[in-house]
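Quick notes on the structure that follows.
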Amino acid sequence: MIQCPRCGIQVTELHPVAPELIAKLQAAGEANLPPQVCAGCISDLRRTLATSSGGILMAQERAKEQHRLQLWKSRVTLIKKARLCMTQKLYSEAAVSYEKYLKILDIVFEIKKGERLKPEAFKDSARTTELTVVASVYWDLMRIYDTHEKYSDRMMNAAKQLAVFIQYTPIYPDIVRKAESFQKTARHPHIVKQFLKLSDKERPRCFIATAAFEDPQSSEVFTLREFRDFTLRNSRWGRKFIAFYYKTSPSIACLLDKQAWLKPAARAFLRLLIKCVS
């Protein structure tokens, strides 16, 4: 009989501990492991490694989440700094802060290299109001990058992103009006024109809701648009419903415009629908 150097039990034979197992256990905090132990200790060491590895992974994940949370909180300071720089006409400093803010969003939402931040990244959180902030950032960047010829590519990128995000925000009409005026004095008017074209193309209409509430910027229209884009588009049947809606809704919207007495009933129905989907 042989005594196991780890547990002290008398056994018939000892088994060598694999070097890779020793290395992993030492990394997990297990020190002074004998080169040979009994079969029971081998099993125990493997369980210890599995438990320790799980704990390490959980700790790493918690640290990663904590880092993301700290970054998310720090974005407010960057936005305040950038806007202060804008008022002081320190455009280079403002651009740096804005780009850092966008980089934080890439990290928080785990945007892969080569991909772009999309409005859908905000759908599963209480951060949808951030869409307006993002749109305003791209608007400022578009104007900042217009100040120099060598930044035309960056200006175009900001214009494309602004066109995507602006449709989900209440500042859509205000930004479009400002862009139409900006186009007359911009160094790169063709980019501003491209933005105006894209912003109209990227903004699918909510025909019935717009006709019923008589205002494409009403809160009810925005709520229904978010439900369409963040919920219905995520399922096969939802996408089929959207296609059916865009095929049939223009005629219903025309009917509402011609028969104005139907609009109160339509508004009541849509508000009830909003309560159901909110």
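There is no path of hydrophobic side-chain contacts, each under 4.5 Å, that joins Phe244 to Trp237. Cluster annotation: Trp139 is not connected to Val96 through the hydrophobic network of ILVMFWY side chains, with a link wherever side-chain heavy atoms come within less than 4.5 Å. Hydrophobic cluster membership differs between Val76 and Leu78, with clusters built from Ile, Leu, Val, Met, Phe, Trp and Tyr side chains linked at under 4.5 angstrom. Clustering ILVMFWY residues whenever any of their side-chain heavy atoms sit less than 4.5 angstrom apart, transitively, puts Phe227 in a cluster other than the one holding Leu272.
Trp72 places a side-chain heavy atom less than 4.5 Å from the side chain of Leu105. Counting heavy atoms from C-beta outward, Lys263 and Phe213 have side chains that stay 4.5 Å or more apart. You'll find the side chain of Leu102 reaches within 4.5 Å of the side chain of Tyr138, heavy atoms only. Arg83 is not listed as a side-chain neighbour of Lys81, based on a closest heavy-atom distance of 4.5 Å or more. For the pair Glu110/Glu115, no side-chain contact is recorded, criterion being any heavy-atom separation below 4.5 Å from C-beta on.
Judged purely by atom type and a 3.5 angstrom limit, Glu180 has no side-chain atom pairing as donor or acceptor with the backbone of Leu196. Within the 3.5 Å criterion, the main-chain N or O of Ile208 finds a donor-acceptor partner in the side chain of Tyr245. Side-chain atoms of Ser136 come within 3.5 Å of backbone atoms of Val133 as a donor-acceptor pair (strictly under, hydrogens ignored). With hydrogens and angles ignored, the 3.5 Å screen pairs no side-chain donor or acceptor of Arg75 with any backbone N or O of Tyr101. Between the side chain of Thr231 and the main chain of Arg228, no donor-acceptor pair closer than 3.5 Å is present.
Scanning for ring-ring contact (aromatic ring centres under 6.0 Å, His included) contacts around His148 gives Tyr151, with sequence neighbours left out.
Contact record, Ala209 with Leu270: CA-CD1, 3.8 Å, taken as the closest heavy-atom pair. The shortest non-hydrogen separation linking Val176 to Ser199 is CG2-OG, 4.3 Å. Closest heavy-atom contact between Ile171 and Ala135: CD1-CB, 4.3 Å. The nearest pair of heavy atoms linking Tyr98 to Ala82 is CE2-CB, 3.4 Å. Considering every non-hydrogen atom in both Pro5 and Gln36, the closest pair reads CG-O, 3.2 Å.
A side chain to side chain contact (heavy atoms under 4.5 Å, CB included) with Arg116 is found for one member of Asn157, Asp106, Ile111, Val164 and no other, namely Asn157.
Between the side chains of Asn234 and Arg239, no donor-acceptor pair of N or O atoms lies under 3.5 Å.
The line from CD of Glu93 to CD1 of Ile144 is 10.0 Å long, rounded to the nearest 0.5 Å. In this structure, CG in Asp44 is found 9.0 Å from SG in Cys38, a value given to the nearest 0.5 Å. Atom CG of Leu84 sits about 8.0 Å away from atom CG of Leu90, to the nearest 0.5 Å. Here the CG-CZ distance, from Leu162 to Phe195, works out to 4.0 Å after rounding to the nearest 0.5 Å. If you take CD on Gln259 and CG on Leu262, they are separated by 6.0 Å, rounding to the nearest 0.5 Å. Considering CG of Leu71 and CD1 of Ile104, their distance stands at 5.0 Å, rounded to 0.5 Å.
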Distance-only check: which donor-acceptor pairs under 3.5 Å involve side-chain atoms of residues 185-194, not counting sequence neighbours?
unit_1: Thr185; atom_1: OG1; unit_2: Phe182; atom_2: O; d: 3.4
unit_1: Arg187; atom_1: NE; unit_2: Asp146; atom_2: O; d: 3.3
unit_1: Arg187; atom_1: NE; unit_2: Thr147; atom_2: O; d: 3.4
unit_1: Arg187; atom_1: NH2; unit_2: Thr147; atom_2: O; d: 3.2
unit_1: His188; atom_1: ND1; unit_2: Asp146; atom_2: OD1; d: 3.0
unit_1: His188; atom_1: NE2; unit_2: Glu149; atom_2: OE2; d: 3.4

